[in-house]
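Order of listing sets the numbers, starting from 1, for every ligand and every atom in it.
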Amino acid sequence: MKNISLNIEKTLGFISKEAIYAYDARVKTCSEALEKGTGKGNDFLGWLHLPSTISKELLADLKATAKVIRENCEVVVIAGIGGSYLGARAVIEALSDSFALLKEKKSGPIMIYAGHNISEDYLFELTDYLQDKKFGVINISKSGTTTETALAFRLLKKQCEDQRGKEIAKKCIVAVTDAKKGAARITADKEGYKTFIIPDNVGGRFSVLTPVGLLPIAVAGFDIEQLIAGAIKMEEVCGVNVPFNENPAAIYAATRNELYKSGKKIEILVNFHPKLHYAMEWWKQLYGESEGKENKGIFPAAVDFSTDLHSMGQWIQEGERSIYETVISIEKPNRRLIVPADEANLDGLNFLAGKRVDEVNKMAELGTQIAHVDGGVPNIHITVPQLNEYYIGQLFYFFEKACGISGYLLGVNPFNQPGVEAYKKNMFALLNKPGYEKESKAIQARL
Ligand code: PA5
């Protein structure tokens, strides 16, 4: 069976292979620091061997709970933000029929999202949509106190209980949270909800392979065992003892750090399949929150091609030369569609007749790569054999492992996010949250 693969050939006109391979010893040190737990943030390394250590009991419990939710709900709302929702959404959207929501026949509950914004319009329209639906909620929050998620859950819990009665609500509301602390835990225990624990030593953005990601993915009807199998494979392929030149996580981490050193401050993750949009969002969070600190860090951006070739394409081709691209290429599409011949050929597209649509897409991909490299944009290429649970599991673990190494190469703690607190403090002060009296006074004086 194939694995996802990494190709850095198209960066080599910009940085040298020697410079990349010179990272070998430093990467080894970083990788060992992760393995031995001797580096910064070493209390958050639970993700490192999560795939290979997940228990059969937990998997069975997740699948059984997913079955109950699927049987009792036509709509399931995932309430969570950041690491507490992006991984699940990334997998579900990558694997779902793009038009599932609009199709009459459904193969499982409709999955929708809340708790990742505080928009009154969004929440009103959501609760309005749910009014005549048999819906359930998966409330995901490690701290259990995140305002966006807690506010959405307050609304959804009440609505679910009012519409479906407390007894059914109990079957249809599940909490994924800390073992002991936080409001989500207190509420779940008091109401008797089924709960799953987020391990203490796994941070939000590294938690997709805990119940945070696995429960919603299983509820959506996807194979979580295959997802984990893919991640286990990458645990092996990117392992601490795998030599640099055979280790994709090591090479990716080294290449992006060398590009950064050469002045390429922005990494643009590229896809040619709209289903991957949220996988890009997940990646942006993983790298942005892990590396952007101490006035350092590559800015992670993302584009959906060919859509964005008609907007951001101009900037990428000819704007400031501070960028490089990492393209995620799907080798084999899951569906088959041939361009039909047309006798009149009014659109002039008969030169494509008989070809698969994917062949056209692949030529757009290749043409773009050549154009962008010619325009001064180094190109890293990741090939994913097919879009399925197994290869998404590989991709996620590969990115997580590379992120840990890359953060250490940069000299930061990739596992904290102190910067996220600043806006919260101000918001609480502005809203006069009890306990923020001093901050309230100080911020009011600045307005
Ligand atoms: O990666 C992270 O730690 C964050 O993005 C969190 O996942 C996010 O802030 C949500 O936090 P919580 O799960 O505590 O509600």
Q: Do me a favour and list the nearest non-hydrogen protein atom to atom 3 (O) of ligand 1 with residue, atom name and distance?
A: G204 N, 3.5 Å

Q: Taking only heavy atoms of T146, which atoms of ligand 1 are found under 4.0 Å from at least one of them?
A: 11 (O), 12 (P), 14 (O), 15 (O)

Q: Report yes if the distance between the aromatic ring centroids of F399 and Y252 is under 6.0 Å, otherwise no.
A: yes

Q: Pairs of nitrogen or oxygen atoms closer than 3.5 Å, one from T149 and one from ligand 1: do any exist?
A: no

Q: Can you confirm whether the side chains of T383 and E331 place a donor and an acceptor under 3.5 Å from each other?
A: no

Q: For atom 8 (C) of ligand 1, grab the closest protein heavy atom and report residue, atom and distance to one decimal in Å.
A: I81 O, 3.6 Å

Q: Show me which atoms of ligand 1 lie under 4.0 Å from any heavy atom of S143.
A: 12 (P), 14 (O), 15 (O)

Q: Kindly say whether the aromatic ring centers of H116 and Y122 come within a distance under 6.0 Å.
A: yes

Q: At what distance is the nearest protein heavy atom to atom 2 (C) of ligand 1, and which residue and atom is it?
A: E289 OE1, 3.2 Å

Q: Without hydrogens or angle criteria, can the side chains of N117 and E148 be said to hold a donor-acceptor pair below 3.5 Å?
A: no

Q: Just jot down the ligand 1 atoms closer than 4.0 angstrom to any heavy atom of Q417, in number order.
A: 3 (O)

Q: Between F206 and F415, does the ring centre distance come in under 6.0 Å?
A: yes

Q: Heavy atoms, side chains only, cut-off 4.5 Å: are V77 and F135 in contact?
A: yes

Q: Check ligand 1 against G83 and write out every atom of the ligand that is under 4.0 Å from a heavy-atom position of the residue.
A: 5 (O), 6 (C), 7 (O)

Q: Quick one: do the E258 and Y23 side chains pair a donor with an acceptor below 3.5 Å?
A: yes

Q: Does K424 reach ligand 1 with a nitrogen or oxygen that is under 3.5 Å from one of the ligand's nitrogen or oxygen atoms?
A: no

Q: Please confirm whether Q285 approaches ligand 1 to less than 4.0 Å, judged on its heavy atoms.
A: yes

